[in-house]
Structures are given as structure tokens and as C-alpha cells.
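Counting starts at 1 for both ligands and their atoms, in listed order. On a predicted model such as this, the values are computed, not experimentally measured, just so you know.
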Amino acid sequence: MVDYIIDQNLAILAVNNPPVNALSHHVREGLVEGIKKANANDQVTAIVIIGKGKIFCSGADIREFSNHAAIKDPVLTSVGHTIENSGKPVISAIHGNALGGGLEVALFCHYRIASESARVGFPEVLIGILPGAEGTVRLPRLSGLSFAMDMIASGKQINAKDAFKHGILDKVCTGNILEEAKDFAKKVIGQPLDSRRLSRINVEDASNVDAVFEVALAQVKKKYKGQIAPIYCLKSVRNSAKMSFDKAAAEERRLITELMLGYQSIALRYSFFAERSASKWRLPCGASVNNTKPSKIESTGVIGAGTMGSGIAVCLIRAGIPVILVEKDPKMLEKGMETISGILDGSVKLKRMTPGQKAKCMEILKGATSLDKLSNVDLVIEAVYENLELKRQIFAQLDKVCKPSTLLCSNTSTLDIDKIASATNRPDKVVGTHFFAPAFIMRLLENVYGSKTSPTTVATVMELGRRIGKVTVLVKTCYGFVGNRTHQCFGAEASFLLEEGCLPQDIDQVLEEFGMAMGPFKVSDLSGIDVGWRIRQEVAKAAGFKLTTETRYHNGERISTVGDSLFEMGRYGIKTGKGWYKYDPTNLRKPVPDSDVADVILDHCAKMGLQRCKIPPQEIIERCLFAAVNECFRVLEERVAEKPEDIDVIWQYGFSFPRYAGGPMFYASQVGLKRVYERVCFYHEKFPYSSHWIPSDLLRKLASHSVEIPMSQWKEFVNGSKL
Ligand SMILES: CCCCCCCC(=O)CC(=O)SCCNC(=O)CCNC(=O)[C@H](O)C(C)(C)COP(=O)(O)OP(=O)(O)OC[C@H]1O[C@@H](n2cnc3c(N)ncnc32)[C@H](O)[C@@H]1OP(=O)(O)O
Ligand SMILES: NC(=O)C1=CN([C@@H]2O[C@H](COP(=O)(O)OP(=O)(O)OC[C@H]3O[C@@H](n4cnc5c(N)ncnc54)[C@H](O)[C@@H]3O)[C@@H](O)[C@H]2O)C=CC1
């Protein structure tokens, strides 16, 4: 896994472990052998370490961490010591990325050069650990404390130019990296090595360490609320300035071991692989990402320029995909175009885009007020009101207007894709592309296949998701799909808690302390109380009953209509400046608890004869999360989701479930399915009028086993295949 090549009097050690040159056991072995062999060869005067393929090295092999006690020798630090102690100069030649342990390998070398396009970083914090092969002790010796703390605690990658500026690199190369490395090596042969060994030099700004630490700590606590690893990163860098090199390195080992065994790191490592597994879609018919080619998408249409349509159009034009935006009346169209321009202005302000890039985006956006203009596009995304009849009318019309190959997608958040598809003569080309609000920010795209959606259509929308930078998950159609269907149970319990004693801010606070980026009521204000109202009205209409603020039960099912009272008062959320919270027009990002809302809730309870009492935080968490978890198991049971990882990715990217808690399925696996099942049964008995507490059969089956069944095997219990 490490090729050993002699080139004149240089030894080239080329790491060859596709796809990303992770530092698996054989790579570590190969590096040690290579350095020893080169040192034993009198003809060799210098050694170059380089990566084969697209990158230098992605760092430690994360899969080995699941059994960290069994990580085989040589461990990365002893590989590093062999490199650093080499009597012949060792030069790392970086192209692509040098990440984590990969950058540590470079820091063990005496010299580091990199291609102009290379990027380096310590992303360990993103999997809940720290750079534990002396990265936190070595980097500050090159870059200074403040920069090291920021780079390590944020996990950000920097480009070669910045790395050079901060002392991490000795040279940035414009030519062929191997040839440049060879030239560089020839120049440093014979130079003294001790001053190049980072373990022998001091941290220059060590006397400042406490002040630098305090500033960094305050920032980290604010930015990475609830996360342990960023704080450990800072502590370890602080040690580099307060202790001898060896002592700081030993302390770093202790800290990484503690982190690695902790819940957050286990969850973050799970999340890393779950995210990657989501793109590996598969249909029950056997079609999959491996055997299905997507169609080419060169032009698109978006129908509806409201909240979602504008956001979706931004996602497309930002990726260079032309859009024709269709609205029913010119005023709405103009408003939509202004919204899009405003969103892009925001990106320019934040320096995520140049004014020139914005202009290019606007050039490929055209407006229209008639569907006829979509006759020639490759794909259409409909984002009009959540109304089945309206959507069916539009799809029937699109079927007539668009060329036969056009894919017809709906951004519906709940409706059955089959019912929309049946309005057309091309149900194989109809699919759900469910974006999350705000579409130009939220990374999730939940693609929904119907019973007739073809594999090519699925492949095309999965590829489209990748192209526009979304984390894309495929699910089967059903009411609310995976995201909204499971999240609705969470939301329903949150509303019931309002009727039983809580205020919106109480519930939001508890769930935010649990780790959610935003509580459910803040989210509702953001996406619009009117949207939820419309959905509830649609459901009621389909079920043939009239939903009013007086409704408490329908068909034996408990219903909470507090939100509908707010809708009737015109409190739609941020868009009207008032919702579950009130908003100062100059600061729409800051929800302020509103005593008027408390009055509405208290009135509602009095009118309905509901007793209020104090509800402990643990019950708030259990009620919201276990209700959702139970529904998640149903979704798995019905194969609406193919695997538990897909559900967790949807919750992380659609509902900001903390990555360091893994997602509802991972959370359940850690709580233990027996305990989850017991609590679901407890709440089912207590709340017989909420069908989401009826225990899932799959959950019951899994919980009945004497040993916990690992998540990877849950699927095997679906459809009674294992009992
Ligand atoms: C007491 C114990 C002491 C231990 C000391 C530990 C020392 C340390 O300091 C610890 C570390 O290095 S931890 C690792 C740090 N590195 C990372 O987190 C990099 C993660 N990878 C990436 O960012 C992107 O994959 C990357 C940018 C590299 C490439 O992105 P792409 O989009 O091109 O490709 P992906 O689809 O992400 O990846 C391709 C396949 O490679 C798998 N993979 C990536 N990085 C890996 C890694 N570091 N280890 C194992 N597998 C890895 C990835 O899962 C994917 O495989 P499949 O899932 O099968 O498709
Ligand atoms: N707002 C949200 O948080 C999310 C909404 N969705 C779904 O996206 C869809 C759109 O929702 P929003 O953007 O929130 O609604 P919205 O009310 O903000 O926008 C809908 C737009 O569609 C336009 N429209 C209505 N009939 C039309 C027609 N016949 N031709 C052209 N334009 C027409 C309206 O003028 C309006 O501008 C719905 O299906 C909704 O369920 C999906 C995910 C999240």
C-alpha cells in the first residue's frame, strides 16, 4: 500500500490506498518500512512522501476507530517518530488534500511542499476527536497558538497559499508536484535536520497562551454549543505551550482516547458514514446507483415563485442550471425575481459569491406567466400551494405542454406522488423532489419515488441533488414521506405539551439544550404557520371533515389546534412579524417570547377544559423524540426508507438534529430499544388517542431480543424475515 521507488538518489514513498489514501494498517507499515529501507540504502540521500491518485492522504482510517483498542502497530505516532528521526531529510509532497493524520504525517516530515490547489486541515473535530498523532502539539510550533486553536477546533481546511502564510508549508508549487519535490529535495540534502524537527522547537507565543485560550474558548462555546471535542482541541493546543513536548503529546493521547470512546464521537463517526451511504440508493426492483444512468439536465422550469419556488430556483441557477420561473400573475413573478436577487445579494455580502457570479446566475433565470414556456425544458419542479387538485391540474397541463422526455417533479411536502402522477400519461417520469425551507440554505433533498417512477428518473433527480450540492436521500411515497411524516409526530407532541402546561419557549429551550439547532416553534415561524395550516386543512378535507379551532378529536385521534388560532389571527410567523414569537422588523433572526401567545394558549386550554401542570424537561424530550422514533420504525417497517441511516440523515439535514447525537434512529440504538419500547408503551397507555404511540411492530420485535440488535441488522427484521 506504499510503493517504494528509487529515482536516482531519492527514495519516493507513494501512498497507494484508493480511494482516498487513508492511513490503514498496511499504509502505516509501508511508511515505516520505506523510511527504514531508504535510511539503510547508502545511495539514497533524501526521501519524498507523496500520495497516488487524487489526494495526498485523507488521514487515519476512520473505520479502524470502531475497535480502537485493536488498532494494530505501528500506530501513527510511531510511524511519525520513524519519519522525524530519519537521518535523511524527508519531504512531504502534497496534492489534493492532506487531512487529519495525513497532515500529521506531513508535520512529522522535515519539509512540506504542496500544489497550489492543495488543501490542508484537521477535520478530526468533525468526527468528535482531535488530531491525536501530535497534531495539536506540532501545529502551534509552526503557526502560533491562535491560528492553531482556530484551525483545529473548527476542522476547516485551508488552501496552500494560506498554509504557506501560516508557516505550515515551506513552498507552494505551480508545476508537477513530484518533479518539484525532487528539485526541492536536492536543495535540502546535507542541511542540518534538528531545527526541522518540530519536536525539538518551542511554541513561540507560549507566554500568551492563557489569554489566547480564553478568547478561543468563549468563541467555541458559542459557535459549537453542546459539543465536547472543540473544547478538548483547545485544551490540547494549550498544553503544547504549557508542557514539555512529550508531556503534551501524552496528554493529547489521553484526551483523544477519552473522546473516541464518548457518545459524541461515536455518533459523529456514524454520521460521517451514514451521509455517504445515503447517496447509494437502491429501488426494490434492483435498480441502483451502480446500474442506472441519469438523463442529462440542461434546462429546468420552476412553477411557483413563493417561499420554496424562489429558493429552489436559487439552488439551480447557483449550480449553473438555467431556470424558467413560472408564476400565475406578473406581480407575484416580479416579487419572486426580487426575492431571488435579494438572496444572491446576501451571498455577495457574505463573500460567498462575487457580483460577477451573481450577474451570471441572474442571466440564466427567466420569468414567465404561462406554463407554455416550459415546452422545451428537461425537468420541471412544481412548487405551488399544497393542494392536490391544483397540483393534478398543473401536472396534467405540463404533460401536454412539455416534450415527452421532460421529468415532472413536485416539491409537495406531504401528498402522494402516485396521485399526482396519475394526472399525466408519463407516471414513470413523475417524482417528488422535496426541498426543505429555506431551500437555498438547507442541505437536504428528499427525493420521493412513486409506484411507477422509473429508475432513470430516480437516477436523474439523485444526480441533480448532487450537482446542486445537496445531501440527497431517496424514499418511497406515502403521506409526508420520511421527513414530514416522522417529524409530524414530534411536532404533534410539542403542540400537545402546549395544551398540558408548556409555552413554546419552554419546549424550544429544552430541545435546543438537547442539541437541536432550533426548537419546533422557531422552525414553524420560519417555514410559516400558514403552511402547516394549509396541510392540516388538506388532510381534513381528504378525510371529509371540517377542521376548526374547536376540534379536539377526529376519528378517535387527538388534535391540537392552537396553531390554527394563531393562523386565524394572521400570525404566520417571521413573514408577518408574529407567530409563536414576535419579531422586531429590524432583527427578524431574534424570536422574542410573546405574552399574547401565552394568552392564546391559556384561553385555548380554558375553552377546552384542559388542565395545565409543570412538565419536566425529560418528559419533553421523550414525548417529542420517542413519538418520532416509533414512527421512524414504522417507516422502516413499510420500507418507505431503505435503511435507518437514511432516516437519520433526513433528520440531521432537514430538521437540524444534532450530528453529535446521530439522528433519532441512532439515538434510539444508544438509549437501547428495550427502554425505548417500554416508554412508547407507557405513553401509549397514557395517551390512547394518539395513534403515533401505537408501538411499531418492528420496534417490538427488535426490543424483544435478549441482546441489543445492531442497527446494521434492523433491516433483516422487516416483514417478519427474522423474528
Ligand atoms: C488512540 C488512537 C490514536 C489515533 C490517532 C489518530 C490520528 C488522527 O489524527 C485521526 C485522523 O486522521 S481522523 C481522520 C481525519 N480525516 C477525515 O476526517 C477526512 C474524512 N474524509 C473526507 O473529508 C473526504 O472523504 C475526502 C475529502 C477525503 C474525500 O472526499 P470525496 O467526496 O472525494 O470522497 P468521499 O465520498 O467522502 O470518500 C470516498 C470513500 O472514502 C471513504 N473515506 C474517506 N475518508 C476516509 C477515512 N479517513 N477513513 C476511512 N474511509 C474514508 C468514504 O467513506 C468513501 O467510502 P464509501 O463510504 O465506501 O463510499
Ligand atoms: N414552506 C415550506 O416550508 C415548505 C413547503 N413545501 C411545499 O412547497 C410547495 C410550495 O410551498 P410554499 O413555497 O411555501 O408556498 P407559497 O405560498 O409561498 O408559494 C406558492 C406560490 O405558488 C404560486 N402559484 C399558485 N398557483 C399557481 C399556478 N397555477 N401557477 C403558477 N404559480 C402558482 C403562488 O402565487 C405562490 O407564489 C407546497 O407544496 C408546500 O407544501 C415543501 C417544503 C417546505
Side-chain angles (χ1 to χ4, degrees), residues 17-24 54-55 57-65 68-69 71 75-77 80 96-97 99-105 119 121-127 129-136 155 157 252-257 259-261 268-269 272-277 279-280 302-312 325-329 331-333 335-336 368-371 381-388 390-391 393-394 397 410-415 434-439 442 446 483-484 523-524 526-528 530-532 534-535 538 573 575 654:
N17 185 20
V20 289
N21 290 333
L23 292 160
S24 318
K54 63 178 183 175
I55 77 172
C57 176
S58 69
D61 184 340
I62 303 169
R63 290 181 204 273
E64 288 184 0
F65 294 171
H68 114 280
I71 294 177
V75 294
L76 192 53
T77 33
N97 305 73
L99 301 176
L103 180 54
E104 282 167 323
V105 165
R119 295 178 74 75
F122 281 126
E124 283 88 341
V125 71
L126 307 176
I127 51 168
I129 57 169
L130 49 75
E134 299 180 0
T136 65
Q157 295 180 28
E252 181 195 70
R253 254 189 318 280
R254 189 185 68 74
L255 293 174
I256 189 178
T257 308
L259 285 172
M260 207 176 266
L261 297 173
L268 284 163
R269 272 143 44 204
F272 177 85
F273 290 112
E275 180 179 332
R276 280 157 179 82
S277 80
S279 59
K280 298 184 177 103
V302 172
I303 310 175
T307 310
M308 294 308 291
S310 319
I312 294 168
L325 181 65
V326 182
E327 253 296 342
K328 59 182 176 185
D329 79 80
K331 270 208 185 114
M332 299 298 269
L333 180 63
K335 196 168 158 233
T369 49
S370 158
L371 294 182
I381 300 177
E382 161 278 312
V384 302
Y385 305 128
E386 188 74 345
N387 176 311
L388 182 61
L390 175 64
K391 288 189 195 275
Q393 271 169 30
I394 288 180
Q397 214 178 327
S410 175
N411 185 52
T412 172
S413 36
T414 53
L415 301 170
H434 180 210
F435 290 75
F436 284 65
M442 296 301 280
E446 185 184 31
N484 285 336
V523 171
S524 169
L526 185 70
S527 57
D530 55 321
V531 176
R534 231 177 268 283
I535 292 170
E538 269 295 305
K575 60 178 123 175

Report the member of [options] with the shortest heavy-atom distance to [atom].
| atom | options | result |
| --- | --- | --- |
| atom 15 (C) of ligand 1 | P131, A133, S58 | S58 |
| atom 20 (C) of ligand 2 | G483, S410, A383, G573 | A383 |
| atom 12 (O) of ligand 1 | G101, G132, S279 | G101 |
| atom 14 (C) of ligand 1 | C57, S277, A60 | A60 |
| atom 7 (C) of ligand 2 | N411, L333, N484, D530 | N411 |
| atom 59 (O) of ligand 1 | R269, R63, R253 | R63 |
| atom 28 (C) of ligand 2 | V531, V523, I394, L526 | I394 |
| atom 40 (C) of ligand 2 | A437, S527, S413 | S413 |
| atom 39 (O) of ligand 2 | E386, M332, K328 | E386 |
| atom 57 (P) of ligand 1 | E124, K280, E252, R276 | K280 |

Please verify whether a non-hydrogen atom of [X] lies at under 4.0 Å from ligand 1.
| X | result |
| --- | --- |
| G135 | no |
| E64 | no |
| F122 | no |

Identity and distance of the protein heavy atom lying nearest [atom]:
| atom | value |
| --- | --- |
| atom 24 (N) of ligand 2 | V384 CG1, 3.7 Å |
| atom 18 (O) of ligand 2 | T307 N, 3.0 Å |
| atom 23 (C) of ligand 2 | E327 OE2, 3.2 Å |
| atom 11 (O) of ligand 2 | M308 CG, 3.9 Å |
| atom 19 (O) of ligand 2 | G306 CA, 3.3 Å |

Which ligand 1 atoms are under 4.0 Å away from a heavy-atom of [X]?
| X | value |
| --- | --- |
| F273 | 54 (O) |
| F272 | 20 (C), 21 (N), 44 (C), 45 (N), 54 (O) |
| G59 | 12 (O) |
| E104 | 7 (C), 8 (C), 9 (O) |

Does the protein put any heavy atom within less than 4.0 Å of [atom]?
| atom | result |
| --- | --- |
| atom 14 (O) of ligand 2 | yes |
| atom 45 (N) of ligand 1 | yes |
| atom 30 (O) of ligand 1 | no |

Point to revise | Side-chain (N97) to main-chain (L99) donor-acceptor, under 3.5 angstrom | key: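 Judged by distance alone, no pair lies under 3.5 Å.
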**Study point:** Donor-acceptor contact present, side-chain E327 to main-chain G336, <3.5 Å
**Key:**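 Side chain of E327 to backbone of G336, a donor-acceptor pair under 3.5 Å: no, none is there.
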Check your understanding: Considering residues, nucleotides and ligands other than K575, do more than 12 of their heavy atoms fall under 6.0 Å from its NZ?
Key ->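 Yes - once you tally the heavy atoms of other residues, nucleotides and ligands closer than 6.0 Å, there are more than 12.
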Practice item. Start with the C-alpha gap between T414 and N484, add the side-chain angles, then the distance that decides, and say whether side chain to side chain donor-acceptor pair (under 3.5 Å) holds. Key: CA-CA 7 Å; T414 53; N484 285 336; over 6 Å; no
Is [X] in polar range of ligand 2, meaning some N or O pair under 3.5 Å apart?
| X | answer |
| --- | --- |
| E382 | no |
| H434 | no |
| K391 | yes |
| F435 | no |

When rounded to the nearest 0.5 angstrom, what distance separates [atom1] in [X] from [atom2] in [Y]?
| X | Y | atom1 | atom2 | result |
| --- | --- | --- | --- | --- |
| L390 | I394 | CG | CD1 | 4.5 Å |
| L103 | Q157 | CG | CD | 10.0 Å |
| Q393 | L371 | CD | CG | 10.5 Å |
| L268 | E124 | CG | CD | 12.5 Å |

**Study point:** T414 contact mode with ligand 2 (heavy-atom cut-off under 4.0 Å)
**Key:**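 Neither; no heavy atom under 4.0 Å.
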Review point. Does ligand 2 have an atom under 4.0 Å from some heavy atom of G528?
Key: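 Outside the 4.0 Å threshold, so no.
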Review point. Closer than 4.0 angstrom: is that true for some heavy atom of K335 and an atom of ligand 2?
Key: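 No, K335 has no heavy atoms under 4.0 Å from ligand 2.
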Point to revise | Polar atom proximity, Q157 to ligand 1 (N or O, under 3.5 Å) | key: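 Min N/O separation from ligand 1 is not below 3.5 Å for Q157.
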Check your understanding: Regarding T77 and E134, is there a side-chain donor-to-acceptor distance under 3.5 Å anywhere?
Key ->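 Absent: no donor and acceptor within the cut-off.
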Exercise for review: Check step by step if side chain to side chain contact (heavy atoms under 4.5 Å, CB included) holds for L76 and L23.
Suggested key: CA-CA 8 Å; L76 192 53; L23 292 160; 3.8 Å; yes
Point to revise | Six-ring centre of F273, R269 cation under 6.0 angstrom, axis tolerance 45° | key: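 No, R269 does not lie over the aromatic ring of F273.
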Review point. Under a 4.0 Å heavy-atom limit, does I62 contact ligand 1 with its side chain, its backbone, both, or neither?
Key: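 For I62, the contact with ligand 1 is made by both the backbone and the side chain.
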